[in-house]
Enquirer: 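Can you read through this structure? Questions will come right after.
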Amino acid sequence: MSKSGYVSKLNVFLLSLGHFFSDFYHTFLPALLPVVTVKLGLTLSAAGSLIMVFFVTSSISQPILGYFIDKHGWSWLIIWTIPISGLFICLAGIAPTFAFLTVCIALAGLSLALFHPLASALLSKVSREDSKGTTMAWFIGSGNVGVAVAPAAVFAFMYYAGIEHMLWLSLPGVIVGAAFYLAGLHHIPLRKTADPETTAPIQWYKSINLLKLNLVMGLRSWPQVAIPNFLALWLTGQGHSAALAGGMLTVFLAGGAIGSVLGGFISDRIGRKICIIFSLALTLPSLYLFLTASSISLLTYLLLFLGGASLQATLPSSIVWAQELLPANAAMASGMMLGLSFGLGGLGAALTGVMADFAGLQTALLWSLAPLLLGILITWSIPSRVSRQTAAIKTI
């Protein structure tokens, strides 16, 4: 079947639905940790090691998995990613030992890591050429919604049904996997056939523009990781209630969900480069004014919403742009934007925590915005459009 035979709104919807449940299951661990820590008598160090295992398997491994997807295809794995991740993250809730818990978290993380580059590469196959940014926006936005609703859903389920019945929450993942199978997503070829009219594919480590873009997204991920992780702590430290802090975190995440959709739509009309630069430039004053506001008001809520929206609006553009820069390695390019850059942001957020111990949390959060300036400058240096012939020249 030709590529046009796979272009379908249904396929776009199914992959977006899969991203919703992928990020939904990805957000289970923070909700499960307080319960399993008490249940198994774990120390904080042991709990931290579980977070590290999940972080490495679910994020850092994405570019590596993307490399093998580009090399071997493996589109058939798409039908297994969501069911396996749902099964093992739910098994983690009822794990009888620390070793079993660690294995469950690692396997859940790997299947989640596999989904992102694989689904992103498939999405480029089922999307129209003139709307790749928009379809990527729906894909990213669906994941953001999954992140936003997961904690409340898990806590509510454990309260009403009990953690011993966690396996029931894996059922939606099984249904999604079955829907992937019935739609034939596992039959879509990912490996490119040789084209004698084009030059040999550029290796990712030789593409200076791709590496620049990955650095930009790593810098952008610094406040993206730091702010939601420290926001509640900062607000409660100022004397605000936990309910208000939770509500403001929801505002930030909701802004990100909407911003990711708008960002992809806008990038199809004004270009990936301008969309990223404009979004980062809008993020800076929005979050700076929020963090320096003297009191909580409607304006501070709007600023936080706008900051979350503009920050997340960069993600669809970056993924599609990365795939355009490295068309022969679309899965790996996606893994770099979705996984590796987030990992770099996590390292930055750790530095924010260290700075907070010495200079205060507000100062540390303000400094987490500084990398966005560097991100704007680096983005400006990346050519908007690079032909295949030019791309072959502009390598390291």
Enquirer: Sort and list the pairs that fulfil ring-ring contact (aromatic ring centres under 6.0 Å, His included) and have at least one residue in residues 101-122, not counting sequence neighbours.
Expert: H19-H116
Enquirer: Side chain to side chain contact (heavy atoms under 4.5 Å, CB included) with L303: which residues, sequence neighbours excluded?
Expert: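 Counting only residues at least two positions away or on another chain, L303 forms a side chain to side chain contact (heavy atoms under 4.5 Å, CB included) with L289, F290, L299.
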Enquirer: Holding to side-chain hydrogen bond (donor to acceptor under 3.5 Å, both in side chains), I want the full list of residues that pass it with S381, two or more places apart in sequence or in another chain.
Expert: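 S381: side-chain hydrogen bond (donor to acceptor under 3.5 Å, both in side chains) contacts with K212.
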Enquirer: Tell me whether F68 shares a hydrophobic cluster with L110, the cluster being built from Ile, Leu, Val, Met, Phe, Trp, Tyr side chains joined at under 4.5 Å.
Expert: no
Enquirer: Please enumerate all residues that pass side chain to side chain contact (heavy atoms under 4.5 Å, CB included) together with L284, with sequence neighbours excluded.
Expert: L369, L372, L373, I376
Enquirer: Establish, yes or no, whether the cationic atom of K273 lies under 6.0 Å from the six-membered ring centre of W321 and within 45° of the ring axis.
Expert: no
Enquirer: When Ile, Leu, Val, Met, Phe, Trp and Tyr are grouped by side-chain heavy atoms lying under 4.5 Å apart, directly or through other members, which residues fall in the same group as W367?
Expert: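 Taking Ile, Leu, Val, Met, Phe, Trp and Tyr as members, W367 shares its hydrophobic cluster with M355.
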Enquirer: For residues 237-245, please give each side-chain donor-acceptor pair under 3.5 Å, one per line with the distance, not counting sequence neighbours.
Expert:
| residue | atom | partner | partner atom | Å |
| --- | --- | --- | --- | --- |
| S241 | OG | L244 | N | 3.1 |

Enquirer: Evaluate the side-chain contact (heavy atoms from CB on, under 4.5 Å) criterion for residues S61 and V56: first the C-alpha distance (whole Å), next the side-chain angles of each, then the deciding distance (0.1 Å), finally the verdict.
Expert: CA-CA 6 Å; S61 65; V56 171; 5.9 Å; no
Enquirer: Output all residues satisfying salt bridge (Lys or Arg N to Asp or Glu O under 4.0 Å) with D268, sequence neighbours left out; order by chain, then residue number.
Expert: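 Partners of D268 under the salt bridge (Lys or Arg N to Asp or Glu O under 4.0 Å) test: R272.
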Enquirer: Could you pull out every donor-acceptor pair under 3.5 Å between side chains of residues 139-156 and any protein atom, sequence neighbours left out?
Expert:
| residue | atom | partner | partner atom | Å |
| --- | --- | --- | --- | --- |
| S142 | OG | W138 | O | 2.7 |
| N144 | OD1 | Q312 | NE2 | 3.1 |
| N144 | ND2 | G256 | O | 3.4 |
| N144 | ND2 | S260 | OG | 3.2 |

Enquirer: Side chains of residues 159-177: which donor-acceptor partners sit under 3.5 Å, not counting sequence neighbours?
Expert:
| residue | atom | partner | partner atom | Å |
| --- | --- | --- | --- | --- |
| H165 | ND1 | A161 | O | 2.8 |
| S170 | OG | L167 | O | 2.6 |

Enquirer: Quick one: are the ring centres of H186 and F180 less than 6.0 Å apart?
Expert: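 Not under 6.0 Å, so no.
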Enquirer: Apply side chain to side chain contact (heavy atoms under 4.5 Å, CB included) to L306 and list each qualifying residue two or more places apart in sequence or on a separate chain.
Expert: L282, S286
Enquirer: List, by chain and number, the other hydrophobic cluster members for L377, where Ile, Leu, Val, Met, Phe, Trp and Tyr join if side-chain heavy atoms come within less than 4.5 Å, directly or indirectly.
Expert: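 Under the 4.5 Å side-chain rule, L377 groups with nothing.
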Enquirer: Show me the donor-acceptor pairs within less than 3.5 Å that the side chains of residues 86-105 make with the rest of the protein, sequence neighbours left out.
Expert:
| residue | atom | partner | partner atom | Å |
| --- | --- | --- | --- | --- |
| T97 | OG1 | F100 | N | 3.1 |
| T102 | OG1 | F98 | O | 2.9 |

